[in-house]
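Have a look at the structure below, then the notes.
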Amino acid sequence: MACSAGWGGAAWMDAGESQSSSRQYTDGLMADYGDHEATDDPLHILRHSTAHLLAAAVTELYPDAKYGIGPPVQDGFYYDFAFSKPISESDLGAIESRMRRIAQEDRSFVKETMTRQQALDEFGKRGQDYKLELINDKVEGDEVSVYRTGDFLDLCRGPHVRSTRDLKFFKLLRVAGAYWRGDEKRPQLTRIYGTAWPSARDLEDHMKFLEEAEKRDHKKIGKDLKLFMVDERVGPGLPIWLPAGATVRRELERFIVDEELARGYQHVRTPDVARLELYKQSGHAQLYAEYMYPPMRFEDGEELELRPVNCPHHIVVYQSELRSYRDLPMRIAEIGNNWRYERSGTLSGMNRVRAFALNDAHIFCTPDQLMDEIKGSIDLALYFSKVLGIDEFSYRLSARDNVKEKWLGTEEQWQLAQAALIEALESMGQTYEMGIGEAAFYGPKIDFQVKDSHRREFTNSTVQVDFQLPLRFELEYVAEDGSRQRPVMVHRGAAGAMERLFSYLIERYIGAFPTWLHPIQVVVMPLTDVQRIYAEQVVERLRRGRIRVELDARSQKVDRKVRDAKLQKVPYIVVVGPKEVESGLLSVRDRTDKQAQESLDSFLDRVSREVAERAR
RNA sequence: GCCCACGUAGCUCAGGCGGUAGAGCAUUUCCUUGGUAAGGAAAAGGUCCCCGGUUCGAAUCCGGGCGUGGGCUCCA
């Protein structure tokens, strides 16, 4: 990944920060809608109709409001409006009440067909400029389909429910800004989001889901369990890993590095900065400038740059010696810090930050080796996913679109690279969806898409094929026949960025990490002061056995200590009272609340094994 | 960056239509020595995000910042 970044979704060239969270709303549901395809998905129809109901209510309450578009989305719908004076979430109650009233009135959704001119007249009369624009830009032919709901008129293909009375189980959720037709340079409209369901039960379930999502949010758990913090004195997007979080990260890094070493990677350490010149050569200084920190300039003329990617450094490693085909493939890896000045409005907890450590590697190989290296990279990402518990993800083959200026390289190189990625996926029996226009500028990539607790999609792992950087840096190796040949580069981030991986894992486990990762693996609590010495001995023994153990010798009742340990999601709670001292056993309680008497040796052995196996 | 909301003790939050502020939990101390999800008491803890303005007086009103959260491709 690395160079480009499947990471934040911003490949060097992806100035637009493509796969932002908004994508969730467009998946599936909207895909065909945009192509003017009618749908008969009842849920889709219900939500789209509720969007009309919303617009009808808004235009009644705010007669001069202009409406834009209002499609169904994941779990609900939205509608965009231009209000003459801003509205806020406190206005949603009144709008929702009006919606319910209209729903009660049993207004039917009536489809009409009019000529283009009639439609222009109708919407013109109502001052609906955005609709006029849509008719002019989007409607082909002379027939325009509109829907009437009482006085409310909307440009729409439908279909819709029969009557507003069919709309019962909905709720307005929030307002947000959204650029008209997604273009930053155009006016920003006020988007109202809502959710709609076929039954009260479904609506209730969804509201419960939202509540749950709030509880498992990594920002909340990160605070509760003291995993990380963000302090404005340090800066936005620059999280601090507290001792507990740093422990988890250390375990992750050990695991990752050990596995990569076992797979023939060579780990290096390279500086977080380099001369600006290096990024001019790689192209970042020109093409990725908007995400880069300004160069540090010194009086002697030195210009140093915080690196946004690791690839140039790894290229320097490659070029430190003349390489033979016998050396290839060379897999140069590093958990390297990357610095990207992301737009302030996009930052979020540990998931989207301005400095992050990428589980990065660059594989330099011959064209013949490319396929195996792609497969190997996918296989590694799959292995990490399996061990870490990333059970749900989808593959996205990110290809280029037809805007020629956006991509470097020849048609042939792109086809070659893409064919290789597809073949690799298919040979491994994996299915994927296409992400047109999501490629890195130098080549296509496979992105592993995962979802956070709010079902927002983001890229974790990525595998990319690159023919361009080898060219820019004039990489070569000595081939069998003594000629100089150009290697191919594979950029891959198998476990993604540590920060984003961490945020994912926190939500995946709701803070109850597998024992091998958990910051505190065992808490030992003496029942009374009398058992304190014994408890200390138990702690000492476990600690020497490399178990992360804490002693809870507060003069509190066990109930209290157990409660606190449970809130910390500690895997094992060990209570020692008079009975244990006498029998020489421990009373062990695990996270499933099973309790058992066990000898210290057996317990230590069992936990050690669980840790070694990275069981979950 | 832009839109909306929010920013009060370490945490979760009350309150305050202008007279310098409260609870619970956490912390500290004392009492309590209790068998698996909160024992009791006391103490301590706050530039009410920051900077300006209005005012006799601002945490409260106004303006400007900063920070946090949710949104912002395409989309009849």
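Every heavy atom of this structure was used, including side-chain atoms; hydrogens, water molecules and symmetry mates were not. Each chain gets a letter, A, B and so on, in the order the sequences are listed, and its residues count up from 1.
- Applying the side chain to side chain donor-acceptor pair (under 3.5 Å) test to residues at least two apart or on different chains, the pairs with a partner in residues 222-238 of chain A are A:K220-A:D224, A:D231-A:R233.
- Taking the ring centre of A:Y293 as origin, the terminal cationic atom of A:R340 falls outside the region bounded by 6.0 Å and 45° from the ring axis.
- Across B:G70, B:U36, B:G34, the shortest atom-to-atom separation from the side chain of A:V575 is found for B:U36.
- At B:G69, none of the side-chain N or O atoms of A:R174 fall inside 4.0 Å of OP1 or OP2 (strictly under the cut-off).
- For the ring pair (Phe, Tyr, Trp, His ring centres under 6.0 Å) test, residues two or more places apart in sequence or in another chain that qualify with A:Y130 are A:W180.
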Give each protein N/O atom lying under 3.5 Å from an N/O atom of nucleotides 2-7 of chain B, with the pair distance.
unit_1, atom_1, unit_2, atom_2, d
B:C2, O2', A:Q188, OE1, 2.3
B:C2, O2, A:Y179, OH, 3.4
B:C2, O2, A:Q188, NE2, 2.9
B:C3, O4', A:Q188, OE1, 2.4
B:C3, O2, A:G177, N, 3.0

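- A distance-only check finds no donor-acceptor pair linking the side chain of A:R107 to the backbone of A:G150 [under 3.5 Å].
- Atom NZ in A:K566 sits about 13 Å away from atom P in B:A38, given to the nearest Å.
- The aromatic rings of A:F513 and A:Y509 lie tilted to each other, with the angle between the two planes from 30° to 60°.
- Comparing B:G35, B:A37, B:U73 by their nearest atom to the side chain of A:R191 picks out B:U73.
- Atom CD in A:E184 sits about 17 Å away from atom P in B:G71, given to the nearest Å.
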Between the protein and nucleotides 39-41 of chain B, which nitrogen or oxygen pairs come in under 3.5 angstrom?
unit_1, atom_1, unit_2, atom_2, d
B:G39, OP1, A:Q556, OE1, 3.3
B:G39, OP1, A:R560, NH1, 3.2
B:G39, N7, A:Q556, OE1, 3.0

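- Counting only Watson-Crick and G-U wobble pairs whose two key distances fall under 3.5 Å, RNA chain B forms stems of three or more stacked pairs at B:1-7 with B:66-72, B:10-13 with B:22-25, B:27-31 with B:39-43, B:49-53 with B:61-65.
- In the interface, the side chain of A:Y193 is not paired with the base of B:C72 through any donor and acceptor atom under 3.5 Å apart.
- The side chain to side chain donor-acceptor pair (under 3.5 Å) test applied to A:D166 returns no partner, not counting sequence neighbours.
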